[in-house]
Amino acid sequence: MTSPDSATNPRSSSGAPGGDAPLLATRALSKTFGGLKAVDAVDLELRQGEILGVIGPNGAGKTTLFSLIAGSIAPTSGEVQLRGWKVSGRPAYKLVRAGVVRTHQIVRPFPNLTVAENVTVGAIHGAGRAPGPARERAAEVLAFVDLADRARDLPGTLTLAGRKRLELARALAIVPEVLLLDEVVAGVNPAEAMRLAGLIRRIRDERGVSIVMIEHVMPAVMSLSDRIVVLDHGKKIAEGAPAEVAADPLVIEAYFGKGAGGARA
Amino acid sequence: MARLVDLAVSAVLLAGLYATMAYGLGLIYGVLRVVNLAHGGVIMAGAYLGWVLYGWVGLDPYLSIPIVVGVTFLLGMGLYRGLVRHLPRGPAGGPASLLLLFGVWLVLRNAAYLLFTGNDQSIRTAYSTRAISLFGTWVDASRLAVLAIAVVTPLLLHAILWRTHLGRAIRAVAQNADSCTLVGIDVERIYTITFGMGTALAGLAGLLSATIFSFNPGFGSGELLKSFVVVVLGGLGSVLGTGVAALILAVVEVFAILVLPSYLTAAVGFVMLVLVLVVRPGGLFGQRVLG
Amino acid sequence: MRALLGARAAIAFAVVVAALALLPVVLDLSPYDRNLLTLAFLMIAGSLAWNWMGGYLGQVSFGHAAMFGIGGFVAARLMMEPSPMPPLLAWLLGGVAAGVFSLGAHPTLRLRGPYFSIATIGVGEASRLVFTWWEDFTGGASGLSLPIDIALKARLYWWALGLAALVVIASFLLRRSAFGLQLLAIKADVDAAADVGVNATFSQDVVMVLSGAVVGLTGALYASFFAFIEPSDMFGFDRSIAFVLMSVIGGVGTILGPALGAIVFVLLRQFLLASYPQLYLGLYGVLLILIILFEPLGLTGLGLRALRAWQRRRPHGGAPRTVAAP
């Protein structure tokens, strides 16, 4: 309905500070809940056109990190930057309209809207970045994720994999620049997982979306990611190409405990 | 000085009543995630029940406490088993349970109008106006009695919730009903009992109120609002929080009466509500009751 | 197909409105019938506007009497001495006043679901108390008498019909629009809606103001209609309950359910007041309970069920049935 105003949309501003600023960055980002440091001074960068994987044992703070980046919660300290401009502390809907969109670990379709309507809600806010009326753009995205034949059904009638694709479609309809995928591949059977992984790659290749993905399904994240960041207890403990990270003893220890260094993951 | 004692007694008395009522509302919400919109109606029912027992059988209101509590307890269990149980739980059931219990409230109100007319009533016993000397002034015996009972009740409830088997089961269900079925707790039974406890507290509060205030079938909507204020201010599941919140509301009200015309004091509850919402939606003790 | 359905519905609607407009003239209606219809039109407008909040947005308000009352009293005051305004202007200003008031109730929107509803009970009750006490404005318990204008009362039939028609159109547009879709999303999951770019706070405020303003407008016309209003009636809890009931009876959240519910409600109320005045609260209560337990979509739900049952008995052409229908 409304297009992002230029104050919140860094894309329309001219001359970002530092010509080489990464698309998305977190600087010393921290979040404390009560006495617990869920995210501890995390520095991370996403470059244009990249797929960045985020892995780590359960409770490492990955989803909290996403919530911080997406604006659902405010950081205790540190910043989130989009093309060098500070965006942390803004309400979630403004970040979405600026092009940072997240999916949820447990999918949250709107149960009272049809599949097409779910995606249309997203398309409304993608206005200004893609031409055409919302309904048509929604149809295009539905076709992309292969849900066009279920357009008039309610989300409750879809399988989990279908609902995951719906969540993806809804996010894509907003025409994001940065897509935050929270365990999209987890919980579906291997065939579906492959399908979703293929979809993710196509999203980056064909639609030019840069992606950060949290994932537990190792084959998926290892094969899709250009780089991987590893979190444990809220801190970043490793970063680099998938193969490097897999061999990093700190990472192995985080997942398997001390003394597991000899065993291969 | 005399004035001060009087105000203090009023404040503590109201605080106890509000805490009792709020606990009734809060218990049902905390465990079943249902807002009992019939809460005000049950308070009113408790008042009339005590009044009837006193008028017909001559039963002293304080002695009729077990009966009123028992009856409203059974009423609550019946409401749950007969009606509330059939509603879908969770966010989808939200407006439905509201409207259903609202309907129950309307029925209760109408029943009271039919049985008792719309006239104001109150329970006045022979000793109601007997005064007891306290810190140099005279205080009504009935107000002291209500104060004592209303202050003891939340403590009793806390003891039940934290020291008995039943209480532990209730708290467990409030945290995670699904896991409870896994460990063999009969969740439906807990829901039924909890609903009954919530309405019993409301009934008790109504009975006690009847001995010091006048009431009519419309009685209860203000009380519902105040219970709600206390629950939001004090958070769920904390006796201390509920108590402090009730005290704050009571003190504000008592002083408001000094300044405002009498029928505006009911608006105080609402104003407090808005203030709390704007200033500290997480309640005093940070336990989120909202959203 | 969709466009065709829309065009057909629009034509049907126009026909119905035209027929109703001509009714008093063609049938020479008695004042009683004409008044009943006028009241029904006003209630249709009010309940549809209530439903924008209660049905589309999912925030059930038990305090809409506050807006109704403000609209009524502001308009009434403006039409009285010392400098009476033309009714239309007074009504519109009444609506605006109610809309502004709704904006003031913004903090309550932070609450979700049942907590919002309870807060609205407070809004309604506090309004009643304050406005009853504010005698200079509302005349206190004695209320306000407006100058009697018989011609205006007769014309109110068409004013009310016009208002109802506009609100029906607005309801359709709202529901089918992008904004309406966002409202439904907020209703389902406000956080997920924010994650999809919906500015929930702003959207909710807009609906609240629109809903309040229209209900205020309804109150304003109501004031002219009865030429006498008092706070306990205009701001009363029964008034707020009426709005809830109308939508629930007809079908909360549907586009036209509340309109149906309003008609039923007005007729029911006449009947009850005449035959069983001392039971009407209880009957409303029982009705609410029955509807919630058995058909949450009220009359509209019953209608849909009947429609589906009828469709099953008479399948439209296509593949031949392999099993003979009973």
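Side-chain atoms are counted along with the backbone in the values below, which use heavy atoms only and exclude waters and symmetry mates. By convention in this document, chain letters (A, B, ...) are assigned in the order of the sequence lines, proteins followed by strands, and residues within each chain are numbered from 1. Everything numeric in this text was worked out from a predicted model, so none of it was measured.
For chain C, the nearby part of B:Leu37 is the side chain; its heavy atoms alone come within less than 4.5 Å. In this structure, no portion of C:Val190 lies under 4.5 Å from any heavy atom of chain B. In this structure, chain C has heavy atoms under 4.5 Å from both the backbone and the side chain of B:Leu100. Heavy-atom distances place both the backbone and the side chain of C:Val130 under 4.5 Å from chain B. Contacts of C:Leu283 with chain B are made by backbone atoms alone, with heavy-atom separations under 4.5 Å and no side-chain atom involved.
Rounding to the nearest 0.5 angstrom, the gap separating the CD atom in C:Glu125 from the CG atom in B:Leu225 is 8.5 Å. Atom CZ of residue B:Arg109 and atom OH of residue C:Tyr284 lie 12.0 Å apart, to the nearest 0.5 angstrom. Considering CG of B:Leu106 and CD1 of C:Ile241, their distance stands at 5.0 Å, rounded to 0.5 Å. Atom CG of B:Leu101 is separated from atom CD1 of C:Ile292 by 10.0 Å, given to the nearest 0.5 angstrom. Atom CD1 of C:Ile118 sits about 9.0 Å away from atom NE2 of B:His39, to the nearest 0.5 Å. Once rounded to the nearest 0.5 Å, the distance linking CZ of C:Phe62 with CG of B:Leu98 reads 5.5 Å.
For the pair C:Val248 and B:Leu99, the minimum side-chain heavy-atom distance is below 4.5 Å.
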| task | Under the side-chain contact (heavy atoms from CB on, under 4.5 Å) rule, what do C:Leu288 and B:Val107 come out as? Steps first, then yes or no, please. | result | CA-CA 10 Å; C:Leu288 258 182; B:Val107 171; over 6 Å; no
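C:Leu293 approaches B:His86 most closely through the heavy-atom pair CD2-CB, 3.9 Å. Closest heavy-atom contact between C:Gln278 and B:Asn110: O-ND2, 2.8 Å.
At most 12 heavy atoms of other shown residues, nucleotides or ligands fall within 6.0 angstrom of atom CD in B:Gln175.
Using cut-offs of 30° and 60° on the angle between ring planes, the pair B:Phe102 and C:Phe237 is perpendicular.
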